[in-house]
Amino acid sequence: MLSYAPEKQAPHGGTAALQDRLLAWYDRHARRLPWRALPGRRPDPYRVWLSEIMLQQTTVATVGPYFEVFLSRWPCLEDLAAASLEEVLTAWAGLGYYARARNLHKCARVLVESHGGRFPEEESELRKLPGIGPYTAAAIAAIAFDRPAAPVDGNWERVVARLFAIRTPLPAAKPALKKAAGSLVPRQRPGDFAQAVMDLGATVCLPGRPKCLLCPVAELCAARYLDIAPLLPGKAPKAEKPTRRGIAFWITDARGRLLLRRRPEHGLLGGMVEVPSTEWREENWAEADALGQAPLAADWRPLPGRVRHTFTHFHLELEVWSGHGEGDIPHGRWVSLDMLGEQALPSVMRKVVAHALKHGF
Ligand code: SF4
C-alpha cells in the first residue's frame, strides 16, 4: 500500500512494485495515438511538443485531426517556423485557446533562430521557451528525451490523489499531488511511465467511476483500500461564470461579401478573425449604445435568436444584426462567403456565421 506523508521525502513502500506493474501494463495496453512513437522507436520531439500544446485543455479526439493537418502542412519545425502567423492561426481555428497557436509559432521561430532547430532536453531550459509551462516542459522532457520528470496533468492528479488517498480538495492539493507524483517517477523508462499514468487515468482510473477491477495497481492503491476512490480528487466548488452580452454586426456589401475584422494581437482570441461586434459586457445593450459601436452605418435588422458560447471564465450571448454597408474599417477586410473556410475564425465566430446563414441574413 502506498502512503504519503508530505513531511517525508523517502520513497514509499510499494513504489518499485507500482512502477513495475504500471510499465508492464503499459507495454500491453498503451493507447495508439497519432503522435506517439511506435514501441522501440525514438519519439520525435517536434511531434511530442506539437501534441502536448494542442492537448492543453483539449481532448484527444478533438486534437487528432488538427494534429494530422499540422503535420502534413508543416512536417518539421523549420516548416512551421517559416509559416506566417496568419496561416498557423487559420489552421488552428476551432481548437480554442488561441494564445497557444501564437506561442507555438513564436516557439518554432525561437528554436530555429536560437537553438539550431533542436529542442533542449532539460525541463529548466524547455520552460524558457514561449508557451512551454511546467507541465509541458515535464511532458517533453519525459516523453521525448526519457528524462525523469512528472508531467502532472488532470489524469496524473486523479491517479496520484487516489493512489495516496490525498483528500485535500483541488486546487489546494496541487503542491502535495506534485510532490507525491515526483516520488513515483522511476529512473528506468520515465517517459513510458509518464505516458502509462496518463493512459491509466484516461482509460481505467476514470473521473467518478474508476474501473478498479481492471487496474494493474489496485492492490497498491490507498483510495481503493479505503473505498473512497470515486470521491477523489475532491474539488472546491467553482464560482458561477458571469454572462456577457454583445451585438455582432453581419455586414454585406453590394457584391455579397462579408465584412470581417482581425482582432488585436493580444487578449482573448488575439489575432483571430471576427464578425465585428460591440464589446462584450454583462450589462444589456440599449439600441443607441450598440449603434455607437457599429463599424459602419447600415439599416440594421436584428436576426431572431442568439448565439451562445462558453469561454473559460464567462458565458457569452450574442445577438446578430444584419445590414448592408460599404467602406473600410481598421483591420477590416471584405471576404466572399465561399472563402470563409480560409479565415482564422474561432468557434464562437463560426457559430455567428452559421446563425446568420440559418436565418437568411
Ligand atoms: Fe484508480 Fe482504482 Fe486503480 Fe486506484 S485502484 S489507481 S482508484 S483505478
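Both ligands and their constituent atoms are indexed starting at 1 by order of listing. Sequential numbering from 1 along the given sequence is applied to the chain's residues. Small disclaimer: the values here were computed from a predicted structure and weren't measured.
Distance check, rounded to the nearest 0.5 Å: CZ of F193 to CD of Q188 gives 13.0 Å.
The heavy atom nearest to atom 3 (Fe) of ligand 1, out of those in P216, A222, C215, is found in C215.
Using a 4.0 Å cut-off to heavy atoms of A218, the atoms of ligand 1 that qualify are 5 (S). Taking every heavy atom of A229 and a limit of under 4.0 angstrom, the matching atoms of ligand 1 come to 7 (S). The atoms of ligand 1 that sit less than 4.0 Å from any heavy atom of R162 are 7 (S).
Two residues are said to be in side-chain contact when any heavy atoms from C-beta on lie closer than 4.5 Å; L269 and F311 meet this criterion.
Using a 30° and 60° split on the angle between ring planes, W74 and F70 fall in the perpendicular class, above 60°. Taking the six-membered ring where the residue is Trp, W300 and W321 present tilted rings, their angle falling between 30° and 60°.
Ionic pairing of E123 and R147 is not present here: no N-O contact between side-chain nitrogen and carboxylate oxygen is shorter than 4.0 angstrom. Using a 4.0 Å cut-off between charged side-chain N and carboxylate O, K174 and E157 make a salt bridge.
Here C205 reaches atom 1 (Fe) of ligand 1: one of its N/O/S atoms is less than 2.8 Å from the metal.
Summary of contacts: the protein heavy atom closest to atom 2 (Fe) of ligand 1 is C212 SG, 2.3 Å. Summary of contacts: the protein heavy atom closest to atom 4 (Fe) of ligand 1 is C221 SG, 2.4 Å.
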